[in-house]
There are 2 protein chains.
Amino acid sequence: MNNLTKIRIKDVAKRANVSVGTVDRVLHNRGEVSAHTRDLVITIIEEMGYKPNVIASALAQKKRTRFALLVPMVDGINPFYLEYEAGIEKAKAELIDFGTLVDVHAYDPILNTFSACLERCLETAPDAIIASPMVLSEADKNRLEAFGWNKVTLFGPNAGHNEALQMSQDAFRSGYVGARLLSYGLPKETTVLVINIGRNALNDQLYQERFAGFRQYLNDRNITEMSIRKIEIEGIQEGDIKKSLTNAFLDYSFVRGLFVSGSHTGKVARFIEEKKLGNIRVVGYDLTDENVQYLRKGHIDFLLSQNPRVQAYRAIMSTFEHHMLDKAFPAKRIPVDIITKDNVDDFIP
Amino acid sequence: MNNLTKIRIKDVAKRANVSVGTVDRVLHNRGEVSAHTRDLVITIIEEMGYKPNVIASALAQKKRTRFALLVPMVDGINPFYLEYEAGIEKAKAELIDFGTLVDVHAYDPILNTFSACLERCLETAPDAIIASPMVLSEADKNRLEAFGWNKVTLFGPNAGHNEALQMSQDAFRSGYVGARLLSYGLPKETTVLVINIGRNALNDQLYQERFAGFRQYLNDRNITEMSIRKIEIEGIQEGDIKKSLTNAFLDYSFVRGLFVSGSHTGKVARFIEEKKLGNIRVVGYDLTDENVQYLRKGHIDFLLSQNPRVQAYRAIMSTFEHHMLDKAFPAKRIPVDIITKDNVDDFIP
DNA sequence: TAACCTTGCGTTATCGCTAACGGGATTGAT
DNA sequence: ATCAATCCCGTTAGCGATAACGCAAGGTTA
């Protein structure tokens with residue numbers, strides 16, 4: 001049923017009446033082969049359907065390759081990012097035996113030390129850079145350009161530069177999904193409140209795109225009878241949020257749907273719980289502990305997730321496969337996972 | 001930042017004043033080692049944090065291992081199963097260089113030739129069996145018992161035997177999610193219709209579990225005001241279905257929510273489209289071409305998916321990692337993916 | 001023509017681990 | 001005491017691919 005043995009480089013060499021060294025030179029364009037034998041070997045490789053043994057290749061590799069990973073890391077402030085860690089460790093463990101090392105460079109997303117971090121990272125002359133930036137300054141872009149966009153992978157919520165390899169979620173589309181979920185559960189002629197917490201330069205673009213998707217859904221459906229109110233809460237402290245929400249609900253007591261465009265959905269849910277505001281649909285983002293807790297309690301209806309663990313893992317592995325195994329970098333983006341109380345267990349580690 | 005070199009078996013041997021052969025014997029319990037050196041080597045392995053190089057190990061492996069994969073295969077009848085293929089091919093390609101071969105044994109789920117297939121498969125004396133059965137007869141169970149449950153992985157919608165390794169979706173929970181989605185979008189005091197298409201011994205258990213989950217959700221919420229009607233459609237031909245649905249809607253014209261407990265959701269959606277029945281919520285299963293088409297058109301609101309491609313891939317890879325790399329078999333089940341018109345692109349190949 | 005370079009290719013040590021092989025030391029049987 | 005069996009353990013030839021090394025043939029220069 002199956003052929004028990006794969007074609008080896010030795011088999012190809014024999015058929016072509018050359019040595020394994022020559023075949024290897026052809027395979028890796030290492031030169032020192034005449035055009036004639038080159039063509040001959042290529043023909044035979046295709047004829048025999050030779051596929052390199054990646055295991056043996058990895059073992060024989062003399063040169064280790066090093067990936068530099070730039071990720072935001074903050075303790076406590078935004079638990080979302082800590083989620084990367086498990087995915088990173090998994091990828092590291094799988095790649096170490098392939099001679100590929102992953103150096104983690106952490107930057108502070110609050111103080112926005114990305115640029116400095118990038119500079120330090122570049123000094124180590126990595127073979128590829130895999131980064132989850134908040135924003136890319138022009139200086140950063142120039143540095144990456146000089147490094148070579150083809151050796152740069154961007155991932156995470158704020159990934160975005162067309163010349164680099166990309167692995168991220170479509171923020172616009174996630175907002176679109178959010179609007180569908182919210183409107184699906186609400187009567188017509190209703191008002192929904194979009195809440196943006198922790199607004200600053202770092203995450204503003206992300207929230208804007210999500211909101212744009214949200215609004216687009218309503219436009220596409222000609223839902224003129226459903227109107228949107230929007231509030232921005234600058235701080236992320238419990239007190240700030242409570243105060244802002246209290247004020248908001250004085251004006252918008254009639255609201256039956258909330259769309260929280262960031263990961264602080266749980267804080268809104270807590271407010272709803274404390275104020276005993278019943279019968280309000282809530283759609284938010286990300287599987288933080290707090291969010292999951294309120295999802296379970298029933299104060300959040302849906303969470304949209306981009307599974308950071310999977311995202312980091314895939315970004316690293318896809319980069320590896322692209323650079324080392326000549327595979328195409330996947331065009332697919334990270335799926336918009338829809339999480340409810342019932343299937344949440346399937347998505348947490 | 002990172003250690004460039006892993007501890008090798010040679011390093012352990014030197015520290016323990018033994019040869020690599022002895023360390024290898026300890027690592028694989030091949031015996032012929034005195035209790036004393038055994039303990040010594042184990043201690044040093046733990047001290048140094050030695051982790052075998054899986055790449056080198058795979059390359060050196062003399063004995064190829066063979067997995068037998070038993071999957072249902074029908075052309076055209078139930079496109080669901082064809083989905084396995086991509087996942088299977090991906091896993092095969094990744095494992096071939098690890099010296100692990102995957103032989104695919106296809107059985108006919110309609111004629112239920114599983115038992116015969118299993119018997120043929122056992123004659124090839126595989127190292128492990130990975131099967132997606134419809135049902136397991138007692139004879140099948142006895143055969144697998146004799147083969148060794150610890151070498152058996154069951155996956156797919158009808159997986160189920162506690163002693164085997166398991167990779168499947170929780171059917172009950174998916175029904176629960178379905179009920180939540182349906183009730184979320186419907187007013188109270190409404191009637192939902194559960195439609196079961198293609199009922200037979202093969203998929204009956206699956207549908208029952210989904211329905212049980214569906215009903216449980218309503219019970220948990222004390223939704224006495226939402227009532228359930230249920231119809232069973234034996235055939236899966238277009239005509240059968242249309243006739244049954246026409247009859248059903250004579251009785252249940254007031255219904256605003258449909259839960260289709262199997263993969264033939266698209267056929268129901270077509271009926272709705274043709275009869276121009278507006279304002280009906282539809283929740284169903286599986287990303288068949290037909291289903292996706294009607295999801296896109298807006299006649300299906302949600303599809304619950306168990307991503308067969310991923311399921312087959314994971315079943316094979318997890319079995320490999322469990323048997324070959326001594327990793328724990330993942331306890332997590334396949335997530336219940338919630339698919340809408342907007343995020344469906346993220347989930348199709 | 002001698003001395004040198006270039007081109008094109010074969011040979012081989014190496015990566016870390018596996019497992020077959022063989023041999024020294026100890027024990028038991030006769 | 002001799003021989004065989006058993007127990008433990010070291011040695012080593014692979015697995016397939018890589019890349020450094022070396023060398024023959026032909027070409028170039030002085």
Side-chain angles (χ1 to χ4, degrees), chain A residues 3-42 44-45 48-65 95-101 324-326, chain B residues 3-42 44-45 48-65 95-101 324-326:
Chain A
N3 214 346
L4 283 167
T5 49
K6 258 178 88 169
I7 306 285
R8 296 158 303 172
I9 205 170
K10 192 193 294 182
D11 303 320
V12 174
K14 191 175 289 175
R15 262 280 277 280
N17 278 321
V18 294
S19 70
V20 292
T22 301
V23 177
D24 188 66
R25 274 186 287 266
V26 171
L27 281 171
H28 298 91
N29 291 313
R30 283 200 280 121
E32 306 196 358
V33 180
S34 72
H36 176 260
T37 37
R38 205 188 110 88
D39 292 345
L40 175 66
V41 169
I42 289 179
I44 290 186
I45 283 175
M48 303 181 78
Y50 168 77
K51 294 269 177 276
N53 184 323
V54 294
I55 262 54
S57 173
L59 185 63
Q61 212 80 247
K62 313 278 181 199
K63 194 186 57 179
R64 324 256 98 171
T65 75
L95 293 185
I96 178 76
D97 288 343
F98 280 91
T100 300
L101 304 170
M324 307 288 117
L325 311 181
D326 288 325
Chain B
N3 214 346
L4 283 167
T5 48
K6 257 178 89 170
I7 306 286
R8 296 157 304 172
I9 207 171
K10 193 193 294 184
D11 303 319
V12 174
K14 191 175 290 176
R15 263 281 276 282
N17 279 319
V18 295
S19 71
V20 293
T22 302
V23 177
D24 188 67
R25 273 186 288 266
V26 170
L27 281 171
H28 298 93
N29 292 314
R30 281 200 282 122
E32 308 198 355
V33 180
S34 72
H36 176 259
T37 37
R38 205 188 111 88
D39 292 345
L40 175 66
V41 169
I42 289 178
I44 290 184
I45 283 175
M48 301 181 79
Y50 168 77
K51 295 268 176 278
N53 184 324
V54 294
I55 261 54
S57 172
L59 185 62
Q61 211 81 247
K62 315 273 182 201
K63 193 186 59 181
R64 324 256 99 173
T65 75
L95 292 185
I96 177 77
D97 288 343
F98 280 91
T100 300
L101 304 170
M324 307 288 119
L325 311 181
D326 287 326

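By convention in this document, chain letters (A, B, ...) are assigned in the order of the sequence lines, proteins followed by strands, and residues within each chain are numbered from 1.
Residue A:Gln61 places none of its side-chain N or O atoms closer than 4.0 Å to OP1 or OP2 of C:dT14. Within the 4.0 Å cut-off from OP1 or OP2 of C:dC9, at least one side-chain nitrogen or oxygen of A:Ser34 is found. Distances shorter than 4.0 Å separate some side-chain N or O of A:Tyr50 from OP1 or OP2 on D:dA17. Side-chain nitrogen and oxygen atoms of A:His28 include none within less than 4.0 Å of the OP1 or OP2 phosphate oxygen of D:dA19. Contact annotation: A:Thr22 side-chain N/O to C:dG8 OP1/OP2 distance is not under 4.0 Å. The shortest distance between the side-chain N/O atoms of A:Ser57 and the OP1/OP2 oxygens of D:dT18 is below 4.0 Å.
For A:Lys62 and D:dA19, the NZ to C1' distance is 6 Å, given to the nearest whole Å. Rounded to an integer number of Å, the gap from A:Arg30 CZ to D:dC21 C1' is 12 Å. The interatomic distance linking A:Ile55 (CD1) with C:dT14 (P) rounds to 23 Å, in whole Å.
Within the nucleic acid shown, A:Leu59 comes within 4.0 Å of at least one base atom, counting heavy atoms only. Note on A:Val20: a base of the nucleic acid sits closer than 4.0 angstrom, heavy atoms only. When heavy atoms are screened at a 4.0 angstrom cut-off, B:Asp24 is found touching base atoms of the nucleic acid. Note on B:Phe98: nothing from the nucleic acid sits closer than 4.0 angstrom, heavy atoms only. Among the atoms of the strands shown, none is found under 4.0 Å from any heavy atom of A:Asp11.
Not a single donor-acceptor contact under 3.5 angstrom links the side-chain atoms of A:Arg25 to the base of D:dA19. Taking only distance into account, the side chain of B:Glu32 never meets the base of D:dC7 through a donor-acceptor pair shorter than 3.5 Å.
In summary, A:Lys14 and A:Asp11 do not engage in a salt bridge, as defined by a charged side-chain N under 4.0 Å from a carboxylate O.
Of the two residues contacting DNA chain D, namely B:Gly21 and A:Pro52, the nearest-nucleotide position lying further toward the 5' end is that of B:Gly21.
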